[in-house]
Amino acid sequence: MRDAESWLAGEHELVEMHRRGLKQWVHPTDRDRREKAGSMTFDELADWYVDTHRKPDGTALRGAARRNLRTDVGHLKDVFGGMTVKQITPDVISKWYFGEHEEGEWVFPRMYQRLKAITDVLADHLGDIDMEDGRDDPHVAADGSVQCGCLLEFDGITAWRAHLAQAILEALSRISS
């Protein structure tokens, strides 16, 4: 019972801070998702990306396109694999970008294009998970609607997830195969 009372008191404090304009209140489910997203490894993100990546028309990749994607992402996993998403900072990316590239001069640019496409979309739609300012962070309203980091609103989490997936696919489709 004490745990529930303690949790409720903490939530009350967060709501009061929100009411006073000191801090954006975020639904506990969203706070939990952000915490999990911050602890997600690049390996997990990359595997999800490969498993869910589709052509612009929505069909699955096959043959050489799928092999190229796995190869490109595999090279990125070799570099960033065990790191959490939070650990992949601009400094880490810069060291990789300007470092040695054993995979060859033809592979590296595509690896960078794929990494940039994914991180740009995540930043645009998820906001900065380390910031507590509430700006550009997804927000779930009391009625269940979701406001994306890009400021579009959706009827629910499923529609927002579809929007996020579509945004990633559109960004990646701009990279030639």
Side-chain angles (χ1 to χ4, degrees), residues 26-27 29-90 92-94 96-97 101-130 136-141 143-177:
V26 177
H27 191 279
T29 303
D30 292 331
R31 287 196 305 264
D32 185 49
R33 282 190 189 123
R34 288 181 188 173
E35 185 177 317
K36 287 178 183 173
S39 65
M40 174 185 264
T41 65
F42 186 81
D43 274 336
E44 293 168 326
L45 176 63
D47 290 342
W48 170 83
Y49 167 67
V50 168
D51 291 343
T52 59
H53 186 69
R54 299 284 181 262
K55 294 181 196 175
D57 68 2
T59 60
L61 294 178
R62 295 181 309 185
R66 184 150 180 91
R67 281 191 304 277
N68 288 341
L69 175 64
R70 283 192 187 280
T71 299
D72 291 347
V73 172
H75 289 304
L76 291 170
K77 286 175 66 171
D78 290 342
V79 177
F80 303 109
M83 301 173 98
T84 64
V85 174
K86 278 185 174 181
Q87 291 173 321
I88 303 173
T89 63
V92 170
I93 292 171
S94 183
W96 165 71
Y97 185 87
H101 297 285
E102 297 172 12
E103 64 278 347
E105 65 182 272
W106 298 106
V107 174
F108 173 72
R110 288 188 44 83
M111 290 170 53
Y112 178 73
Q113 288 174 331
R114 290 200 190 275
L115 179 65
K116 181 159 178 23
I118 292 169
T119 57
D120 284 352
V121 170
L122 292 176
D124 289 347
H125 295 273
L126 295 179
D128 186 339
I129 59 175
D130 284 336
D136 295 331
D137 292 340
H139 172 75
V140 179
D143 66 358
S145 64
V146 178
Q147 181 177 359
C148 184
C150 70
L151 304 180
L152 291 177
E153 292 192 26
F154 300 90
D155 291 336
I157 195 77
T158 302
W160 174 72
R161 285 180 179 157
H163 162 71
L164 179 60
Q166 184 61 38
I168 291 171
L169 293 176
E170 286 173 10
L172 292 169
S173 71
R174 292 190 285 273
I175 300 171
S176 60
S177 294

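FYI, side chains are in, hydrogens and waters are out, and symmetry mates aren't considered; it's all heavy atoms of this structure. In this text, all values refer to a predicted model and were calculated from it rather than measured experimentally.
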So, do D72 and Q113 sit near enough that their side-chain heavy atoms are less than 4.5 Å apart?
-> no

Would you indicate whether the side-chain heavy atoms of I88 and W96 approach each other to under 4.5 Å?
-> no

Partner residues of V50 under the side chain to side chain contact (heavy atoms under 4.5 Å, CB included) criterion, sequence neighbours left out = R66, L69, R70, V73

Across all chains, not counting sequence neighbours, the side chain to side chain contact (heavy atoms under 4.5 Å, CB included) partners of E44 are M40, T41

Residue D155 excluded, over 12 heavy atoms near CG under 6.0 Å | no

Kindly say whether K55 contributes a backbone atom to a donor-acceptor pair with the side chain of T59 at under 3.5 angstrom?
-> no

Rounded distance (nearest 0.5 Å) linking atom CG of D43 with atom CG of D78 = 9.0 Å

Nearest 0.5 Å, what's the OG1-CG distance between T71 and L76?
-> 11.0 Å

State, to 0.1 Å, how close F42 and F80 come at their nearest heavy-atom pair, and which atoms those are.
-> CB-O, 3.2 Å

